[in-house]
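Positions are given from 1, in the same order as the sequence printed here.
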Amino acid sequence: MTTERPWPPSIAGERETLRGFLDHHRATLAMKCEGLTDEELRRRSVQPSTLSLLGLVRHMAEVERAWFRRIVGGEDIPLVWSDAMDFQVAYDATGSTRAEAFQAWQSEITHARRIEAAAPDLDVVVHNSRAQEDVSLRTIMVHVILEYGRHNGHADLLREAVDGTVGA
């Protein structure tokens, strides 16, 4: 399976540009995981870290869920892998599989797209109870893009360590 990796638009409105960069980063993470076995996806970076490609996928499922469903959508739901709001739990993919992690991640992306599309504009303000502050949808989208960017850098190094594949 080859991941289609859309490029963000060169000329577009703000919302379409943010959507484009977010989808580009989502596809980049999926691409970094292509062609690897569950064992390779679970391979950890260095001890004592639990960081792995599969752990990054699980973590990004939590990020999508927390920002879009919990904060923007106001859903009172736990994280996928932690009832205690511990985002670190997702990194440990020891017992996880590609099927399980990717299903959860893709499900959260679907919810995130639906919730973002339903918002009338980027100026929608919601309350982030974890940080005890109000935040706009614009800021959330930029934050999630930055989160993907940071973790896609980790994914570059993790993938190269598994089989030598480099580049995005």
Side-chain angles (χ1 to χ4, degrees), residues 15 18-19 21-33 36 38-159 161:
R15 197 165 191 174
L18 292 173
R19 284 176 180 156
F21 273 95
L22 189 50
D23 283 340
H24 176 77
H25 276 294
R26 288 166 171 156
T28 299
L29 181 56
M31 185 188 75
K32 288 295 175 181
C33 296
L36 297 179
D38 284 2
E39 180 183 331
E40 290 168 325
L41 288 169
R42 285 190 297 265
R43 192 170 298 164
R44 294 179 176 187
S45 56
V46 293
Q47 291 300 327
S49 176
T50 59
L51 189 63
S52 67
L53 285 164
L54 206 54
L56 288 175
V57 169
R58 288 166 44 109
H59 174 71
M60 292 312 299
E62 299 288 36
V63 168
E64 298 264 6
R65 184 180 187 102
W67 282 109
F68 290 103
R69 291 181 71 185
R70 290 180 53 85
I71 296 172
V72 178
E75 294 182 40
D76 185 18
I77 54 174
L79 292 177
V80 181
W81 289 280
S82 171
D83 291 335
M85 291 300 291
D86 183 354
F87 285 81
Q88 298 301 309
V89 171
Y91 284 124
D92 186 359
T94 305
S96 188
T97 64
R98 170 193 293 273
E100 171 259 345
F102 272 75
Q103 187 283 324
W105 181 44
Q106 292 303 314
S107 175
E108 294 307 326
I109 289 171
T110 298
H111 285 294
R113 285 182 176 136
R114 173 185 51 78
I115 291 164
E116 181 273 321
D121 56 50
L122 295 172
D123 293 323
V124 167
V125 174
V126 294
H127 186 71
N128 178 358
S129 59
R130 191 164 189 230
Q132 290 302 309
E133 67 179 0
D134 289 341
V135 61
S136 71
L137 177 57
R138 175 183 292 101
T139 299
I140 290 169
M141 289 185 73
V142 170
H143 175 84
V144 175
I145 290 165
L146 292 172
E147 183 99 4
Y148 270 105
R150 178 174 52 255
H151 292 311
N152 281 339
H154 298 137
D156 285 339
L157 296 171
L158 288 162
R159 179 62 190 252

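Counting heavy atoms from C-beta on, the side chains of R43 and L158 never come closer than 4.5 Å. Considering only heavy atoms from C-beta on, M60 stays 4.5 Å or farther from E108 through its side chain. Looking at V63 and W105, their side chains never come closer than 4.5 Å, going by heavy atoms from C-beta outward. The shortest side-chain heavy-atom distance between F87 and M85 falls under the 4.5 Å cut-off. Side chains of H25 and I145 form a contact here, defined as non-hydrogen atoms less than 4.5 Å apart. Side-chain contact check for T28 versus Y148: every heavy-atom pair is 4.5 Å or farther apart.
Interatomic distance, SG of C33 versus CG of L53, reported as 4.5 Å (0.5 Å rounding). For the atom pair OG of S107 and CZ of R69, the computed distance is 6.0 Å after rounding to the nearest 0.5 Å.
Listed here is the closest heavy atom pair of R44 and D92: NH2-OD1, 3.2 Å. Scanning both residues, A101 and S96, for their nearest heavy atoms gives CB-OG, 3.9 Å. Here the shortest heavy-atom pairing between L54 and R98 reads CD1-CA, 3.9 Å. Between R42 and S52 the shortest heavy-atom distance is O-CB, 3.5 Å. Taking both residues in full, the closest heavy atoms of W67 and V135 are given as CZ3-CG1, 4.4 Å, listed atom of the first, atom of the second, then distance.
For the side chain to side chain donor-acceptor pair (under 3.5 Å) test, no residue two or more places apart in sequence or in another chain qualifies with E62. Remark: R15 pairs with E116 by the side chain to side chain donor-acceptor pair (under 3.5 Å) rule, at least two apart or across chains. When the side chain to side chain donor-acceptor pair (under 3.5 Å) test is applied to D76, no partner is found at least two apart in sequence or on another chain. Under the salt bridge (charged side-chain N to carboxylate O under 4.0 Å, His left out) criterion, R159 pairs with D163, sequence neighbours left out. Every residue two or more places apart in sequence or in another chain that forms a side chain to side chain contact (heavy atoms under 4.5 Å, CB included) with Y91 is listed here: T50, L51, L56, H59, Q88, H151. With sequence neighbours excluded, the residues forming a salt bridge (charged side-chain N to carboxylate O under 4.0 Å, His left out) with D23 are R26, R113, listed by chain and number.
With V126 as reference, I140 is the one residue of L137, I140, T139 to meet the side chain to side chain contact (heavy atoms under 4.5 Å, CB included) rule.
R65 places a side-chain N or O within donor-acceptor distance of the main-chain N or O of P78, the cut-off being under 3.5 Å. In this structure, Q106 contributes its side chain and Q103 its backbone to no donor-acceptor pair below 3.5 Å. In this structure a side-chain-to-backbone donor-acceptor pair under 3.5 Å is missing from N128 to E133.
Counting non-hydrogen atoms of neighbouring residues, nucleotides and ligands closer than 6.0 angstrom, the CG atom of D83 reaches no more than 12 such neighbours. Other residues, nucleotides and ligands contribute at most 12 non-hydrogen atoms within 6.0 Å of the CD atom of E39.
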